[in-house]
Novice: 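This is the structure I want to talk about, given as structure tokens.
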Amino acid sequence: SFIPGIHDNQVAVIPFPPLIKDFDTADILNKKEFKNKYRIPGKYIAMPSQNRPNKNWGVILRALAELKKQGVCLYFVTTGHVGDIQYDGQLVKDLGIADLIIEVGSLSQKDLYALYKYSDLMVASTVIEGLGISGQALEALKVGSIPIIHAKSLGVAESLDAVGLTMDTADLNWFDLDDYKTLVEKIKDVLSNPKSHIEKQKHILAAYLKRTWKE
């Protein structure tokens with residue numbers, strides 16, 4: 001325990017169900033219309049989140065720079081602002097990848113769904129989340145057409161265990177928090193065969209949704 005005088009046997013965790021959006025999927029833009037609207041010229045990672053220290057975007061930025069060197073152009077499309085973390089803003093400049101960053105701002109519910117739906121993959125780089133696993137990753141799994149890559153976030157193994165999964169049975173293409181080189185390889189693997197990754201991850205959301213507030 002981190003609190004003096006409080007021992008581990010005095011502490012318990014009450015797991016709670018994930019808070020996942022009910023997307024409005026009616027009459028959304030088609031892929032071409034959506035990408036034209038937000039000037040997304042190629043394949044992209046969806047990041048529907050504000051930039052916060054726990055989000056750890058730096059590892060994704062480094063991976064994008066390495067991919068660019070290898071001739072793989074992948075855009076980072078976010079509702080947030082990279083420069084909200086000064087280090088990340090400077091990193092974009094230092095790595096020369098400003099052309100890969102697309103900040104779309106706040107989106108309607110329909111366009112938020114489209115942002116997920118038409119993305120080529122989701123990278124959850126988070127250091128730690130309240131649920132243990134990335135909420136954005138679970139939302140992407142709900143959309144159902146997006147392969148996920150997830151960092152070995154603090155608490156993620158415990159989170160999976162709480163719903164009857166392990167890091168092996170819930171294969172989210174794990175990478176160590178700051179290991180951008182492994183992330184690069186995971187991204188290339190996912191882009192080469194996205195359907196196989198979507199299939200192997202289909203069961204994960206159902207495990208999380210079994211928990212209800214009644215419990």
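Heavy atoms only: backbone and side chains are in, while hydrogens, waters and symmetry mates are out.
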Novice: Check whether Ile128 and Phe175 end up in the same hydrophobic cluster, where Ile, Leu, Val, Met, Phe, Trp and Tyr are linked by side-chain heavy atoms less than 4.5 Å apart.
Specialist: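 No, no single cluster joins them.
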Novice: Ile97 versus Lys68: any side-chain heavy-atom pair under 4.5 Å?
Specialist: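 Yes, their side chains come closer than 4.5 Å.
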Novice: Answer yes when Asp22 and Lys142 have at least one side-chain N-carboxylate O distance shorter than 4.0 Å, and no when they do not.
Specialist: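 Salt bridge between Asp22 and Lys142, a charged N being under 4.0 Å from a carboxylate O: yes.
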Novice: Quick one: closest heavy-atom pair of Pro147 and Ile198, and the distance?
Specialist: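 Closest heavy-atom pair between Pro147 and Ile198: N-CG1, 3.7 Å.
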Novice: Looking at Gly132 and Ser159, what are the two nearest heavy atoms and their distance?
Specialist: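 Looking at all heavy atoms of both residues, the shortest contact is CA-CB, 3.9 Å.
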Novice: Let me confirm one number: the CE-CG distance from Met167 to Asp161, rounded to the nearest 0.5 Å.
Specialist: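 Result: 12.0 Å between the selected atoms.
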Novice: With hydrophobic residues grouped by side-chain heavy-atom distances under 4.5 Å, do Val11 and Leu154 end up in a single group?
Specialist: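 Val11 and Leu154: separate clusters.
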Novice: Before giving the answer on salt bridge (Lys or Arg N to Asp or Glu O under 4.0 Å), spell out for Lys181 and Asp176 the whole-Å C-alpha distance, their side-chain angles and the decisive distance to 0.1 Å.
Specialist: CA-CA 10 Å; Lys181 291 183 180 179; Asp176 289 327; over 6 Å; no
Novice: Pair Ile102, Val104 - check side chain to side chain contact (heavy atoms under 4.5 Å, CB included), show working.
Specialist: CA-CA 6 Å; Ile102 301 174; Val104 296; 4.0 Å; yes
Novice: With the side chain counted from C-beta on, respond yes when Leu107 and Leu115 share a heavy-atom pair under 4.5 Å apart, and no when they do not.
Specialist: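 A side-chain contact under 4.5 Å exists here.
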Novice: Would you say that Ser119 contacts Val143 through its side chain, given a criterion of any heavy-atom pair below 4.5 Å between the two side chains?
Specialist: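 With C-beta onward as the side chain, the pair stays apart.
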Novice: Would you say that more than 12 heavy atoms from the other residues, nucleotides or ligands in this model lie under 6.0 Å from the CD of Gln90, or not?
Specialist: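 Atom CD in Gln90 is packed in, count exceeds 12.
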Novice: So how far is it from His81 NE2 to Gln50 CD, rounded to the nearest 0.5 Å?
Specialist: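 Rounded to the nearest 0.5 Å, the NE2-CD separation comes to 10.0 Å.
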Novice: Of the options Glu185, Lys200, His150, which is the one that meets Asn173 in a side-chain hydrogen bond (donor to acceptor under 3.5 Å, both in side chains)?
Specialist: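 Answer after filtering Glu185, Lys200, His150: Lys200.
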Novice: Atom CD1 in Ile45, atom CD1 in Ile146: separation rounded to 0.5 Å?
Specialist: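 These two atoms lie 12.0 Å from each other.
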Novice: Should Leu138 and Leu131 count as side-chain neighbours, where that means a heavy-atom distance under 4.5 Å?
Specialist: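 Yes - at least one pair of side-chain heavy atoms lies under 4.5 Å apart.
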Novice: Could you point out which residue of Leu64, Ile149, Leu67 forms a side chain to side chain contact (heavy atoms under 4.5 Å, CB included) with Leu183?
Specialist: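 Result: among Leu64, Ile149, Leu67, Ile149 is the only option passing the side chain to side chain contact (heavy atoms under 4.5 Å, CB included) with Leu183.
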Novice: Please walk me through it: do Val163 and Arg211 pass side chain to side chain contact (heavy atoms under 4.5 Å, CB included)?
Specialist: CA-CA 8 Å; Val163 297; Arg211 172 166 288 126; 3.6 Å; yes
Novice: Between CG of Asp24 and CG of Asp27, what distance do you get to the nearest 0.5 Å?
Specialist: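 Interatomic distance, Asp24 CG to Asp27 CG, rounded to 0.5 Å: 8.0 Å.
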Novice: Strictly below 4.0 Å, N to O, side chains only: are Arg62 and Asp178 in salt-bridge contact?
Specialist: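 No.
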Novice: Please indicate whether Gln86 has more than 12 foreign heavy atoms, meaning atoms of other residues, nucleotides or ligands, lying under 6.0 Å from its CD.
Specialist: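 Open: at most 12 neighbouring heavy atoms sit under 6.0 Å from CD of Gln86.
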Novice: Testing the basics here: between Gln136 and Pro48, what is the closest heavy-atom pair and its distance to 0.1 Å?
Specialist: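 Answer, listing the atom of Gln136 first, then Pro48: NE2-O, 3.6 Å.
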Novice: Might you work through the side chain to side chain contact (heavy atoms under 4.5 Å, CB included) test for Lys55 and Ile60, ending with a clear yes or no?
Specialist: CA-CA 10 Å; Lys55 296 299 182 181; Ile60 302 178; over 6 Å; no
Novice: Where do Lys117 and Ser145 come nearest, in terms of heavy atoms and distance?
Specialist: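 Nearest heavy atoms, Lys117 then Ser145: O-OG, 3.6 Å.
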Novice: With heavy-atom distances below 4.5 Å as the criterion, would you say the side chains of Pro53 and Ile85 are in contact?
Specialist: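 In contact.
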Novice: Does a side-chain heavy-atom distance below 4.5 Å link Leu177 with Lys152?
Specialist: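 A side-chain contact is absent here, since even the closest heavy-atom pair is not under 4.5 Å.
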Novice: Could you tell me which residues satisfy ring-ring contact (aromatic ring centres under 6.0 Å, His included) with Tyr116, sequence neighbours excluded, listed by chain and number?
Specialist: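 ring-ring contact (aromatic ring centres under 6.0 Å, His included) check on Tyr116 returns Phe23.
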Novice: Determine whether the side chains of Asn30 and Tyr118 contain a donor N or O and an acceptor N or O closer than 3.5 Å.
Specialist: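 No, no side-chain donor-acceptor contact under 3.5 Å.
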Novice: Going from CG on Asn51 to OG1 on Thr78, what distance comes out if it is rounded to the nearest 0.5 angstrom?
Specialist: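 Answer rounded to 0.5 Å: 7.5 Å.
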Novice: I'd like to know if the side chain of Gln70 pairs up with that of Lys188 as donor and acceptor (distance under 3.5 Å, no hydrogens or angles considered).
Specialist: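 Side-chain D/A pair, Gln70 to Lys188: present.
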Novice: What I'd like to find out is whether the side chain of Gln201 reaches to under 4.5 Å of the side chain of Leu172, using heavy atoms alone.
Specialist: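 Gln201 reaches Leu172 side chain to side chain.
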Novice: I'd like to know if the side chain of Ser125 and the backbone of Val59 have a donor-acceptor N/O pair within less than 3.5 Å.
Specialist: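 Here the side-chain-to-backbone pair does not exist.
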Novice: What is the minimum heavy-atom distance between Ile28 and Lys110, and which atoms define it?
Specialist: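 Of all heavy-atom pairs spanning Ile28 and Lys110, the closest is CG2-O, 3.9 Å.
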Novice: State, to 0.1 Å, how close Leu100 and Cys73 come at their nearest heavy-atom pair, and which atoms those are.
Specialist: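 Shortest heavy-atom separation between Leu100 and Cys73 comes out as CD2-SG, 3.8 Å.
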Novice: I'd like to know if the side chain of Thr166 and the backbone of Thr169 have a donor-acceptor N/O pair within less than 3.5 Å.
Specialist: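 Answer holds: yes.
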Novice: Enumerate the ring pair (Phe, Tyr, Trp, His ring centres under 6.0 Å) contacts for residues 196-215, please, sequence neighbours excluded, ordered by first and then second residue.
Specialist: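 Residue pairs passing ring pair (Phe, Tyr, Trp, His ring centres under 6.0 Å), neighbours aside: none found.
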Novice: Apply side chain to side chain contact (heavy atoms under 4.5 Å, CB included) to Lys21 and Leu112, showing your working.
Specialist: CA-CA 10 Å; Lys21 291 182 178 67; Leu112 178 61; 3.7 Å; yes
Novice: Do Trp57 and Trp174 land in one hydrophobic cluster if side-chain heavy atoms of ILVMFWY residues count as linked below 4.5 Å?
Specialist: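 Yes, same cluster.
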Novice: Does any non-hydrogen side-chain atom of Thr126 lie less than 4.5 Å from one of Asn56?
Specialist: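 No; the side chains remain at least 4.5 Å from each other.
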Novice: Ring-plane angle category for Phe34 and Tyr44, please: parallel below 30°, perpendicular beyond 60°, tilted otherwise.
Specialist: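 Geometry flag for Tyr44 against Phe34: tilted rings.
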Novice: Report whether Tyr180 and Val127 are members of the same hydrophobic cluster (ILVMFWY, side-chain heavy atoms less than 4.5 Å apart, transitive linking).
Specialist: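 Different hydrophobic clusters.
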Novice: Between OG of Ser196 and CG of Asp189, what distance do you get to the nearest 0.5 Å?
Specialist: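 The distance works out to 7.0 Å.
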